[in-house]
Undergrad: 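Have a look at this one before I ask anything.
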Amino acid sequence: MTASQETLARDIAAPALDYDAIIIGAGMSGLYQLYRLRELGMRVRIFEAGTGVGGTWYWNRYPGARFDSESYSYGYSFSKELLEEWDWSEHFAGQPETLRYLNHVADKFDLRRDIQFGSRVAAATYDENSRSWSVALQDGSRFRARFLITAIGPLSTPTLPRIEGRDSFAGQSFHTARWPREPVDFKGKRVAVIGTGATGVQTIQTIAREVGHLTVFQRTPNWCAPLHNGKIDAETQKTIKAGYPEMFKRCQETFACFLHTPDPRGAFEVSDQEREAFYEKLYAARGFGIWQGNFRDILIDRKANATISDFVARKIRQRVKDPEVAEKLIPRNHGFGTRRLPLETFYYEVYNQDNVELVDIAETPIERITPDGIKTSAAEYQFDIIIYATGFDAITGSFDKIDFRGTGDVRLKDKWKSGPQTYLGMMVDGFPSMMMLMGPHTALGNIPRSIEYSVDWITGLLRFARESNLTRLEATPAGVASWTDHVKALGVGLLSNEVNSWMTGINSNVEGKQTRIVARYSGSAPAYREKCDEVAAKRYQELALA
Ligand code: NAP
């Protein structure tokens, strides 16, 4: 008997369920899903690769990591008591505070007793005979459950550049999403940062003050706008708490669940002066307003987009003293907001410091990493520390890493070879009783708001299954085809879908991820919820239930 035949024989012989549901991941999604399924009286287990809760906020401990959406709009909304007792200290909280918050949530609701830490899931196989999922951990242990819920995050598989000599570097090197717990001493050090996305920007602006010398290796500049963070004083704290019901109601109504939503006017429906004044107001305001609360057409109309791109380019020229450096920091290959907007705090001013150098690696590419540092086509640089802020194998990457096998032993990775196919972004045909939180084709936006909705929807489905004695819940091929087509159609005409970024599935560091795909649902969150609510109201008739 082969090993897999042996496993199969054992599975059939002993199909007893260890749990009603297994959740993969103890980040924001997994924690809340556990809380809800416990309410249903289900026996649930979370397997979590890290040694603590928090997901994104557990792993991303890099210097300067913080929210880009307002703290109070980001926390969970499901518990009034939690909202009352938790004080966010800043409008955009830093990672340590957010991690403290998530630990507080885990303690408050006694979630840890159902979480197995240090347990990375390697494979999950559906067994038709027992109508259950067999989940294998990397250590070889296996657990069986009726339902499987993935809470593995859209940005959780970090990727390192495929540069020759990477492992030969003799100094310290870190990927931002695998930052050590111990403080890193930057004092007097020669530091390199590769990558200028949202993570790179936060890291650069934070460490520039501490390091001896900082060299930023930029392949593509990104449009950035000021965060305008600030402390929350006692009076504002009271106002925020008193306003929670209205604020969460607003988040339900806006396009992407942020506090900001597009202005109903087009960029050319106002005079040049009014447009300029509006942009000034947005640039001076907190958070994502300049991206999410801008004219309704800036992300679909090239000419409208050019007006805001020109405005922000002028700001960069004003803020960066050296005109040559300023020009390097202005994106040329994509318009403002067509990639995820990094928010910054004196990021551009960093390039006015004597100890900071910007290297444009589109012009002078990195040839190799050496034991001493980095060699580009133009020069050799010596470093004590190299920081890789090089992003993630986004959206589908964490799915690819787990060997999901559905009916007929079909691999999810193969099924999604030319792009994900899903039903409502939560289910896949051929993968019965597997539900995805924040997987491909869901409304992402202000993530916790989307998480709470999706968790509640899945909980509703599982409640229905229990009440109706159902043990197998599957999306139909027709349902998946129709949702996938719908998601693709929504992406047509969006300028962001014509740009290489993690949002379009591009990652130069991963084999096979060089072709753009439609991985995100880009309609409005209210429209997404309306469709999902309708499916639930019709008692999930669009699913194959047994
Ligand atoms: P990212 O946006 O994908 O940026 C990665 C950066 O690394 C890019 O500048 C990229 O250049 C560069 N890069 C990648 N591989 C490279 C290589 N081989 N050689 C040279 N440069 C390379 O990743 P991220 O900054 O980690 O952000 C990902 C997402 O996480 C964000 O968009 C956001 O959604 C989320 N995030 C959120 C927050 C927050 O809420 N506060 C903070 C950080 C991140 P190219 O552009 O040329 O590919």
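Source: prediction; values computed, not measured. Just so it is clear, the values below take in all heavy atoms, side chains as well, and ignore hydrogens, waters and symmetry mates. Counting convention: from 1, in listed order, for ligands and their atoms alike.
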Undergrad: Taking atom CZ as the centre, does Arg332 end up with more than 12 heavy-atom neighbours from other residues, nucleotides or ligands that are less than 6.0 angstrom away?
TA: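 Buried by this count: over 12 neighbours within 6.0 Å.
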Undergrad: Which N/O atoms of ligand 1 sit under 3.5 Å from a protein N/O, and at what distances?
TA:
unit_1, atom_1, unit_2, atom_2, d
ligand 1, 7 (O), Ala389, O, 3.2
ligand 1, 9 (O), Thr196, N, 2.9
ligand 1, 15 (N), Asn509, ND2, 3.0
ligand 1, 18 (N), Asn509, OD1, 2.9
ligand 1, 25 (O), Ala198, N, 3.1
ligand 1, 25 (O), Thr199, N, 2.9
ligand 1, 25 (O), Thr199, OG1, 3.3
ligand 1, 26 (O), Thr199, OG1, 2.7
ligand 1, 32 (O), Trp502, NE1, 2.7
ligand 1, 34 (O), Arg340, NE, 3.3
ligand 1, 40 (O), Arg340, NH2, 3.1
ligand 1, 41 (N), Arg66, O, 2.3
ligand 1, 41 (N), Asp68, N, 3.4
ligand 1, 41 (N), Gln202, NE2, 3.3
ligand 1, 46 (O), Thr220, OG1, 3.4
ligand 1, 46 (O), Arg339, NH1, 3.1
ligand 1, 46 (O), Arg339, NH2, 3.0
ligand 1, 47 (O), Arg219, NE, 2.8
ligand 1, 47 (O), Thr220, OG1, 2.4
ligand 1, 48 (O), Arg219, NH2, 2.9

Undergrad: Mind checking side-chain contact (heavy atoms from CB on, under 4.5 Å) for Ile366 and listing every partner two or more places apart, or none if nothing turns up?
TA: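 So Ile366 forms a side-chain contact (heavy atoms from CB on, under 4.5 Å) with Ile163, Ile194, Phe217, Ile361, Ile374, Thr376.
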Undergrad: Do the side chain of Arg181 and the main chain of Arg61 share a donor and acceptor less than 3.5 angstrom apart?
TA: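 No, because the side chain of Arg181 does not come within donor-acceptor range (under 3.5 Å) of the backbone of Arg61.
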Undergrad: Fit a plane to each ring of His486 and Trp483, take the angle between them on a 0 to 90° scale, and name the class: parallel (under 30°), tilted (30 to 60°) or perpendicular (over 60°).
TA: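 The rings of His486 and Trp483 sit tilted, inter-plane angle from 30° to 60°.
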Undergrad: Considering residues at least two apart in sequence or located in another chain, which fulfil the side chain to side chain donor-acceptor pair (under 3.5 Å) criterion with Tyr528?
TA: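 Not a single residue meets the side chain to side chain donor-acceptor pair (under 3.5 Å) criterion with Tyr528.
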Undergrad: Not counting sequence neighbours, which residues clear side-chain contact (heavy atoms from CB on, under 4.5 Å) with Pro448? List them please.
TA: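 Met28, Tyr74, Asn446.
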